[in-house]
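For reference, the structure discussed in these notes is given below.
On a predicted model such as this, the values are computed, not experimentally measured, just so you know.
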Amino acid sequence: MFDAFRRSLENLVNGTATPEARREALSRMKDTLVQARLGVDDLRQGVAQTRTRLAAERHELETVRRRKGLADGIGDRETVSVAERFERHHAERVEALERKLAAQEGELVVVEREVAEMTEEMRRVIAGAPPSSAGAAPGSVRGSAATGAAPGSADDPLADDGSATREAIDALARERRRAERDAAAEERLAALKRKMGK
């Protein structure tokens with residue numbers, strides 16, 4: 001994601017395009033940065049959801065192990081056998097969710113760093129400075145490598161056109177929430193129909 005963005009910035013700065021074409025290209029790059037930030041928000045939500053699911057599975061695993069211990073203590077072999085089966089099931093789920101969480105957290109770190117670098121590059125170009133050298137080490141940009149300039153801060157390249165960009169971000173977020181609510185409602189309706197046998 002960052003390499004293509006960097007090439008576009010360098011072409012913009014070093015190119016011979018007209019001022020109108022440069023403004024249009026810069027506007028497209030700002031849109032890309034907005035989409036990248038929304039993508040980071042989605043990744044963060046995914047990490048939070050996986051953490052919640054993992055905590056629930058760990059709780060279930062602890063409960064099954066406790067019940068197995070109690071059943072074993074009174075010599076109830078049938079309950080122990082059932083508990084062992086559920087214990088394997090929940091242990092597998094915990095292991096799978098731990099791997100998924102580690103992968104999601106790793107991806108989030110990479111994407112947050114890329115967005116921070118994109119934000120810094122946009123800030124430099126908008127300020128009239130050339131893009132940083134292509135050989136710069138990842139994470140060597142000024143500011144937080146994890147999050148970049150805070151949206152709406154003085155260093156945020158999207159803040160220069162103020163309310164229009166913020167409104168676009170808010171509209172995209174509202175549209176995404178509405179789509180999620182609609183999908184959840186459709187799923188509940190389908191589940192209700194299945195339950196009623198229709």
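- Linking ILVMFWY side-chain heavy atoms closer than 4.5 Å, directly or via other members, places M29 and V111 in a single hydrophobic cluster.
- Atoms CZ and CD, on R65 and E60 in that order, are 12.5 Å from each other to the nearest 0.5 Å.
- Checked by atom type and distance alone, the side chain of T50 pairs as donor or acceptor with a backbone atom of G46 at under 3.5 Å.
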- Task: Assess whether side-chain contact (heavy atoms from CB on, under 4.5 Å) is satisfied between K100 and R53, documenting all intermediate values.
- Result: CA-CA 11 Å; K100 179 179 180 177; R53 290 177 55 206; 3.5 Å; yes
- Query: Under the side-chain contact (heavy atoms from CB on, under 4.5 Å) criterion, do D31 and Q35 qualify, and how do the steps go?
  - Reply: CA-CA 6 Å; D31 290 343; Q35 292 297 325; 5.6 Å; no
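- Taking 4.5 Å as the limit, some side-chain heavy atom of M196 sits within range of a side-chain heavy atom of L192.
- Shown are T32, V115, D42; of these, the side chain to side chain contact (heavy atoms under 4.5 Å, CB included) with R37 is made only by V115.
- A salt bridge links E187 to R194: at least one charged side-chain nitrogen sits closer than 4.0 Å to a carboxylate oxygen.
- A salt bridge is defined here as a Lys NZ or Arg NE, NH1 or NH2 lying under 4.0 Å from an Asp or Glu carboxylate O, and R93 with E98 fails to meet this definition.
- Residues V64 and L54 do not share a hydrophobic cluster, defined by chaining ILVMFWY side chains whose heavy atoms lie under 4.5 Å apart.
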- Go through the steps to decide whether E107 and V47 satisfy the test side-chain contact (heavy atoms from CB on, under 4.5 Å), and finish with yes or no. CA-CA 10 Å; E107 181 182 12; V47 166; over 6 Å; no
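- Surrounding NE2 of H89 are more than 12 heavy atoms belonging to other residues, nucleotides or ligands, all under 6.0 Å away.
- Side-chain contact between R77 and D72: present, with at least one pair of heavy atoms (C-beta onward) separated by less than 4.5 Å.
- Nearest heavy-atom pair across V94 and R58 is CG2-N, 3.8 Å.
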- Message: I'd like to know whether V110 forms a side-chain contact (heavy atoms from CB on, under 4.5 Å) with E114, so could you lay out the CA-CA distance, the side-chain angles of the two residues, the decisive distance to 0.1 Å, and finally the verdict.
- Response: CA-CA 6 Å; V110 169; E114 287 180 347; 4.1 Å; yes
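- A salt bridge is defined here as a Lys NZ or Arg NE, NH1 or NH2 lying under 4.0 Å from an Asp or Glu carboxylate O, and E112 with R44 meets this definition.
- Taking both residues in full, the closest heavy atoms of K68 and V80 are given as O-CG2, 3.9 Å, listed atom of the first, atom of the second, then distance.
- Between E105 and R51, at least one side-chain nitrogen of the basic residue sits less than 4.0 Å from a carboxylate oxygen of the acidic one, meeting the salt-bridge criterion.
- With values rounded to the nearest 0.5 angstrom, R66 atom CZ is found 13.0 Å from E87 atom CD.
- In terms of hydrophobic clustering, with Ile, Leu, Val, Met, Phe, Trp and Tyr side chains grouped at heavy-atom distances under 4.5 Å, V82 and L61 are assigned to different clusters.
- One distance of note links CD of E121 with CE of M118; it measures 10.0 Å at 0.5 Å rounding.
- From I74, atom CD1 reaches atom OG1 of T79 across 7.0 Å, with rounding to the nearest 0.5 Å.
- Atom NZ of K30 is separated from atom CE of M122 by 5.5 Å, given to the nearest 0.5 angstrom.
- A salt bridge links E95 to R99: one of the charged nitrogens lies within less than 4.0 Å of a carboxylate oxygen.
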